[in-house]
Amino acid sequence: MLTPMMERILPRVQKPARYVGGEYNQIVKEDAEVQVAFCFPDTYEIGMSNIGMRILYGVMNRMPRVWCQRVFAPWGDMEAELRARNIPLWALESHRPVKDFDLIAFTIGYEMSYANVLNMLNLAQVPLHAAERTGLKNIVFAGGACMYNPEPLADFIDFFSLGEGEESTVEILELYAAAKAGGWEKERFLLAVSKIEGVYVPSLYDHAYHEDGTLRAITPKDGAPAVVTKRIVHDLDQAFYPVHDLVPSTEIVHDRCNLELFRGCIRGCRFCQAGFTYRPVRRRRADVLTAQAEEVLSNSGSHEITLSSLSTSDYKELGPLTDRLLDYCNPRKINLSLPSLRADNFSRELMMKVQKVRKSGLTFAPEAGTQRLRDAINKNVTEAEILETCAVAFEGGWSSVKLYFMLGLPTETDEDVLGIADLVYKILQTWRAKATNRKRGCKISVATAYFVPKPFTPFQWEAQIPPEEYTRRQRLLKEHLYAKSVDYKWHAPDLSRLEAVLARGDRRLGAVLEQAVQNGARLDAWDEYFRYDLWLDAFQRCGIDPSFYTRAIGKDELLPWQTISASVDRDFLWSERERAYRSEITPDCRAACSGCGANKLNREDVCDA
């Protein structure tokens, strides 16, 4: 029940539905022995759109002795109300304070939410540092897509769950239940949880540094493993899927059902962290997906379902699957959407089928403007394939295309930057030659991102170009995109610069994070709140130069994330980097196995590509 004070502040904030819970299909288990506050370090609208959070919410609540409740980062107006009245952050299902929970779990998919993690702990009135939380109550753990380098958060998180959590989370909670029942000390529990495959306990490792600031040694303690390897789910057909999905009580970013086709990616784009950390490829059967889709749509009443993966058009059974889904969706006026399509295997027939209910624009990510640079990043798509795809789309009645590129990729030159403009105008010329629908004219939306080198990619050793150089290249491109039908947007450099620092950071950044939050940093992914000056002040106060983390890294330098294994061999990543500098492509996994090492996690020792 909401307290009288909670009820009084709700009319004073935007979108009070963010904070009250009570959604259809929400789970309530008052008598559970283990209470988990499951925190998403962003707003309700973002968190409720996250399929991973929905899966783990269901996984935990299937356990008879566990009650998992959701917590989201409050918007600024609600935070002000909480602080003014000294009300601790609460969970949606019971409205109990987070500080009353046994475990506090975070799922973290973006480096720019790190400040939110600290701010949510602060709002919950939970001690910030792991060392300050001495008992079994308020054990804080985290997982998610960007936790393959957990070191910037090592001071604040008791342990990290690496990789896919459907199975490891159950093992963690069963161990915690035994520890709670047995009255264990926290140290005993942390040592025991470190024995679970995929769990990393930062307090069991000492980090030492050279005088130049580079990492000298990582030393495990008390029998902790030298390397912690991520967990994967081997059989997705048997894996939990939330067919009784939560129905949001207010509008969210992606208000639709998500159907996960497969995990992993066959492509190997050298800048893409997800493409390497989600390996090996594992897929669901089309009949399993069809049954899941019908059940979740029936239970939720949703009018849209999207096929989710890193590269949807690479799913082997996509044609038969869409035919089955359309037989169910079309009579019920349910929209079926296919994001993550590639220009080299676009099917006009498929798109005409799925867009009978609602026709949307097409989105492709060539990433680079010249073939040389696309080969360097292993994009494995040619200009001819891009133009042919656009021709097919324009002949089919489409008139709008969104194109995503990066600036600052390794080996990029001004010729590559201008190649983006050249490709855009070739697409425009293709529309003029092939379009069958000219009523609205052609609209080409171009967006460029600032390249961020990420761990566990072939480009993890690369420097990020300085912000001034990124801005120069962005202006150079803008000067050559002057057609009225072309709309150009670009990322501001400050946010991506900070993202790169946090992505490749070490434990010394914990002090910077804490200072930045004290300065007022929070909700950094939102333009309304991001203030780079707060972060620069934090770096200065802590005596840390952020450019140290965006420099080029030597081949033999010890990396902060070297205790972690994402299953792809380090030597393979370095060889891919060398191939990039020769602009040599590596065939996709379906064409030939490149020997990346991910197969060693598979029971059958083969990727299901």
Do you see a donor-acceptor pair shorter than 3.5 Å between the side chains of R231 and S161? no

Electrostatic pair R54:D245 at N-O distance under 4.0 angstrom: yes

Regarding R283 and D314, does a basic nitrogen lie under 4.0 Å from an acidic carboxylate oxygen? no

Pick one: which of V486, L428, T430 meets side chain to side chain contact (heavy atoms under 4.5 Å, CB included) with C442? L428

Decide whether Q429 and R432 meet the rule of one side-chain donor and one side-chain acceptor closer than 3.5 Å. no

Do E499 and K454 meet the salt-bridge criterion of a basic N to acidic O distance under 4.0 Å? yes

Is any side-chain N of the basic residue among R590 and D588 closer than 4.0 Å to the acidic one's carboxylate O? no

Separation between CG (L403) and OG1 (T448), nearest 0.5 Å, reads 11.5 Å

When rounded to the nearest 0.5 Å, the distance separating CD of E166 from CG of L56 is 6.0 Å

Within this structure, what is the CG-OG distance for the pair L259 and S308, rounded to the nearest 0.5 Å? 8.5 Å

Atom NZ of K29 with >12 non-hydrogen neighbours under 6.0 angstrom: yes

Rounded to the nearest 0.5 Å, what's the gap from CD1 on I377 to CG on L373? Could you check? 5.5 Å

Would you call the rings of F394 and W431 parallel, tilted or perpendicular if under 30° counts as parallel and over 60° as perpendicular? perpendicular

Do S300 and Y24 have a side chain donor and acceptor closer than 3.5 Å? no

Any donor-acceptor N/O pair, E383 side chain to L423 backbone, under 3.5 Å: no

Determine, step by step, whether Y425 and Y482 satisfy the ring-ring contact (aromatic ring centres under 6.0 Å, His included) criterion, reporting the C-alpha distance in whole Å, the side-chain angles of both residues, the deciding distance to 0.1 Å, and the verdict. CA-CA 10 Å; Y425 284 112; Y482 38 77; 5.6 Å; yes

Can you establish whether the number of heavy atoms outside E251 located under 6.0 Å from its atom CD is more than 12? no

Answer yes if the side chains of R579 and T586 hold a donor-acceptor pair under 3.5 Å, and no otherwise. yes

Regarding R372 and T411, do their side chains bring together a donor and an acceptor under 3.5 Å, going by distance alone? yes

Find out whether the Lys NZ or Arg CZ of R18 is both under 6.0 angstrom from the six-membered ring centre of F72 and within 45° of the ring's axis. no

Indicate, with yes or no, if the rings of Y278 and F262 have centres closer together than 6.0 Å. no

How long is the span from the CG atom in D375 to the OG1 atom in T382, to the nearest 0.5 Å? 9.5 Å

Determine, step by step, whether R282 and E164 satisfy the salt bridge (Lys or Arg N to Asp or Glu O under 4.0 Å) criterion, reporting the C-alpha distance in whole Å, the side-chain angles of both residues, the deciding distance to 0.1 Å, and the verdict. CA-CA 12 Å; R282 292 141 293 138; E164 298 164 3; 2.8 Å; yes

Whether E23 and R70 form a salt bridge (side-chain N of Lys/Arg under 4.0 Å from carboxylate O of Asp/Glu) is what I want to check. yes

Output yes when a side-chain donor or acceptor of K230 lies under 3.5 Å from a complementary backbone atom of T277, and no otherwise. yes

Does any part of the side chain of L573, heavy atoms only, come nearer than 4.5 Å to the side chain of F276, both counted from C-beta? yes

Under 3.5 Å, is there a donor on one side chain and an acceptor on the other for E93 and W67? no

Between CG on residue L481 and CD1 on residue I420, distance to nearest 0.5 Å: 8.0 Å

Around atom CG of D327, are there more than 12 heavy atoms of other residues, nucleotides or ligands at under 6.0 Å? yes

